[in-house]
> 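Sending over a structure as structure tokens; questions will come in a sec.
By convention in this document, chain letters (A, B, ...) are assigned in the order of the sequence lines, proteins followed by strands, and residues within each chain are numbered from 1.
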There are 2 protein chains.
Amino acid sequence: MSANRSTDPSTDSIVHSGDDLTEAEFLARYDAGAYERPSVTVDMAVFTIREGRLAVLLVLRGGHPFRGRWALPGGFIGPDESAEVAAGRELAEECGAELAARAHLEALDHYTDPDRDPRTRVISLAYVAFVPDAPDPTAGDDAAAARFWILDDLVGPEAPELAFDHDLILADAVERVRSRIEYTTLAATFLDEPFTIAELRRIYEAIWGVTLDPANFHRKVRNSDGFVIAAEGRATPTLGRPAALYRRGPASTMHPPILRPDPT
Amino acid sequence: MSANRSTDPSTDSIVHSGDDLTEAEFLARYDAGAYERPSVTVDMAVFTIREGRLAVLLVLRGGHPFRGRWALPGGFIGPDESAEVAAGRELAEECGAELAARAHLEALDHYTDPDRDPRTRVISLAYVAFVPDAPDPTAGDDAAAARFWILDDLVGPEAPELAFDHDLILADAVERVRSRIEYTTLAATFLDEPFTIAELRRIYEAIWGVTLDPANFHRKVRNSDGFVIAAEGRATPTLGRPAALYRRGPASTMHPPILRPDPT
DNA sequence: CCAAAAGTGTTATGAATACACCCATGG
DNA sequence: CCATGGGTGTATTCATAACACTTTTGG
């Protein structure tokens with residue numbers, strides 16, 4: 001603590017000894033403005049499936065810094081809202097309210113390098129969100145454009161360089177979603193209900209970038225208690241036997257998990 | 001964004017249109033003080049093993065707010081340090097530098113409820129740390145006392161009520177460490193080198209609160225590539241056959257994992 | 001009838017469990 | 001030689017992977 005004393009509001013003796021005050025008195029006299037504070041943003045990796053592949057929502061920055069670079073959508077946390085509320089609000093503004101209502105939002109990590117933003121000290125709280133295949137959003141006021149990028153198009157020499165440390169955040173987010181669908185039922189949140197087991201399998205294939213055995217996948221999902229529940233009716237395929245329809249079940253985790261195939 | 005415009009430094013038009021500036025000019029004119037900012041702390045759940053059971057470091061608060069309550073150690077982030085550096089610094093101050101140097105520190109989550117701190121808006125970045133069995137730390141200036149609490153002593157009617165939302169953070173941290181040792185080699189960081197397989201097993205038993213089959217555990221650890229590597233010599237037991245000694249191996253994850261026994 | 005996709009059956013392999021059994025030491 | 005904990009062998013059970021096979025539709 002001593003190394004940080006001048007900026008540390010928990011070191012009460014700098015403000016007031018406090019020893020002779022009740023907690024109510026202490027709080028009434030507390031001066032919140034006496035210390036240097038970082039700015040705090042939420043940044044979101046909003047995933048969906050596009051052309052059978054994993055895609056993430058990026059916005060083209062219309063203002064400084066990093067004007068003209070693609071970035072994860074996000075914004076500063078309001079003084080009276082939690083980070084999760086702020087993320088939901090931003091998502092609604094980027095993708096529309098009805099889509100945000102269906103999205104599953106989940107805390108990812110925090111990014112705190114003092115130099116990660118050239119303006120000032122900015123700490124980012126990162127979230128991941130999963131939405132069913134959705135139309136491209138309309139750009140907000142401070143973004144020149146907003147669209148889903150297929151992840152494969154973000155690697156290689158043609159790929160845009162992202163603003164801030166968003167390439168790092170995105171890499172963490174991709175790994176998170178890839179490992180998360182192994183032992184949770186999250187993959188189903190990428191689909192509109194009702195859906196078929198094969199559609200769910202294509203979600204896994206898109207996120208992992210592999211092909212899975214349809215027969216074994218079908219069995220695993222059906223045997224996983226509460227993952228999916230049968231719905232009325234049949235899918236109307238362009239070809240082949242019509243598939244049974246399902247909805248998301250009550251379970252949020254799977255035992256045993258559906259493990260990624262060994263990339264060997 | 002529009003709902004939050006007045007506190008949002010990314011909405012450049014409020015500060016300056018920016019359109020006619022280079023990025024360098026924009027940054028030179030940027031006023032970081034124009035927006036309301038939260039305070040940001042790091043809080044740590046520092047785990048060790050005490051009396052064969054999982055224990056966590058708590059400090060008794062000497063000042064307001066929550067004076068006289070036990071809390072996770074932590075402190076405010078300095079203006080020029082990352083959260084990880086801040087956590088390491090705080091840990092060194094609480095537990096001693098040599099112990100902090102051996103500790104494995106890992107980001108847990110962030111806690112952002114606007115009302116979680118009665119003083120002002122405070123966002124907490126939570127970390128978990130794992131240290132070999134260590135002497136009780138000496139309390140720092142702003143703590144009346146600091147000691148390891150066996151986790152089982154923190155439940156029940158006799159248990160102290162923690163400050164802030166630290167009971168929630170601690171619950172998340174415990175679940176994290178319990179699941180983390182399933183598929184990482186983290187448990188070995190609770191031990192001084194060299195150690196025996198049985199000592200490692202007792203770490204798992206302490207963290208999960210179960211008893212494990214010594215024979216099967218031994219095989220799983222030995223078969224897990226890079227988890228442990230053989231060291232010279234033998235342990236000198238009080239009873240029974242002397243055990244072989246090992247050091248931490250290069251692997252950080254395990255395939256397949258060592259799964260918790262079903263609590264059924 | 002044929003093609004194609006959905007879904008079931010069957011076998012082989014690999015890991016986990018339970019537990020019998022051997023090993024190495026101190027008393 | 002006995003008690004105790006370290007460590008290996010082995011049979012059973014269970015999940016997975018591979019793939020043959022059946023079902024159900026449209027053309």
> Distance from B:Y127 atom OH to B:L108 atom CG, nearest 0.5 Å?
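Answer for the OH-CG pair, B:Y127 versus B:L108, is 10.0 Å.
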> Measuring from the side chain of A:A243 (C-beta onward, heavy atoms only), which nucleotide among C:dA16, C:dG7, C:dA24 has the closest atom?
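Given the options C:dA16, C:dG7, C:dA24, the side chain of A:A243 is closest to C:dG7.
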> Report all side-chain donor-acceptor pairs from residues 224-248 of chain A shorter than 3.5 Å, counting only partners two or more places apart or in another chain.
from: A:Y246; atom 1: OH; to: A:R222; atom 2: NH1; distance (Å): 3.0
from: A:R248; atom 1: NH1; to: A:A188; atom 2: O; distance (Å): 2.8
from: A:R248; atom 1: NH1; to: A:L191; atom 2: O; distance (Å): 2.9

> Determine whether the side chains of A:S124 and A:D43 contain a donor N or O and an acceptor N or O closer than 3.5 Å.
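Yes - a donor-acceptor pair under 3.5 Å links their side chains.
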> If you walk 5' to 3' along DNA chain D, what is the first nucleotide with an atom under 4.0 Å of a heavy atom in chain B, and what is the last?
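Contact boundaries, 5' end first: D:dT4 to D:dT10.
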> Under 4.0 Å between any heavy atoms, over every strand shown, what does B:A235 touch: base, sugar-phosphate, or nothing? Just pick one.
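No contact at all - B:A235 keeps every heavy atom at 4.0 Å or more from the nucleic acid.
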> Apply salt bridge (charged side-chain N to carboxylate O under 4.0 Å, His left out) to A:D136 and list each qualifying residue two or more places apart in sequence or on a separate chain.
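Only A:R50 meet the salt bridge (charged side-chain N to carboxylate O under 4.0 Å, His left out) criterion with A:D136.
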> Got a sec, which residues hit salt bridge (charged side-chain N to carboxylate O under 4.0 Å, His left out) with B:R180, two or more places apart in sequence or on another chain?
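So B:R180 forms a salt bridge (charged side-chain N to carboxylate O under 4.0 Å, His left out) with B:E106.
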> Using a 4.0 Å heavy-atom cut-off, does B:P237 contact any base of the nucleic acid, only the sugar-phosphate backbone, or nothing at all?
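Since no nucleic acid heavy atom lies under 4.0 Å of B:P237, the category is nothing.
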> May I ask you to say whether B:E175 pairs ionically with B:R260, meaning some side-chain N is under 4.0 Å from a carboxylate O?
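A salt bridge is present here (some side-chain N lies under 4.0 Å from a carboxylate O).
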> In whole Å, what is the span from the CZ atom of B:F217 to the C1' atom of C:dA15?
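Answer to the nearest Å: 16 Å.
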> Heavy-atom nearest nucleotide on DNA chain C for B:R241 versus A:L239: which residue maps closer to 5'?
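That would be A:L239.
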> Testing B:R69, B:E161, B:R116 one by one against B:H166 for a side chain to side chain contact (heavy atoms under 4.5 Å, CB included), which residue passes?
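Of the listed residues B:R69, B:E161, B:R116, the side chain to side chain contact (heavy atoms under 4.5 Å, CB included) partner of B:H166 is B:R116.
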> Classify the ring geometry between A:Y204 and A:W208 as parallel (under 30°), tilted (30 to 60°) or perpendicular (over 60°).
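It falls in the perpendicular class, over 60°.
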> For the residue pair B:F190 and B:F130, categorise the inter-ring angle as parallel (less than 30°), tilted (30 to 60°) or perpendicular (more than 60°).
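Plane angle between 30° and 60°, so tilted.
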> Could B:R102 and B:D192 be called an ion pair, given the rule that one side-chain N must be under 4.0 Å from one carboxylate O?
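Yes, this pair counts.
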> Return yes if some donor-acceptor pair links the side-chain N/O of A:T185 with the main-chain N/O of A:A251 below 3.5 Å, else return no.
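Yes.
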> Distances for protein N/O vs nucleotides 8-11 of chain C N/O pairs under 3.5 angstrom?
from: C:dG9; atom 1: N7; to: A:R219; atom 2: NH1; distance (Å): 3.0
from: C:dG9; atom 1: O6; to: A:R219; atom 2: NH2; distance (Å): 2.9

> Using heavy atoms and a sub-4.0 Å distance, could you list which residues of residues 250-260 of chain B are near DNA chain D? By number, please.
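Contacts with DNA chain D under 4.0 Å: none.
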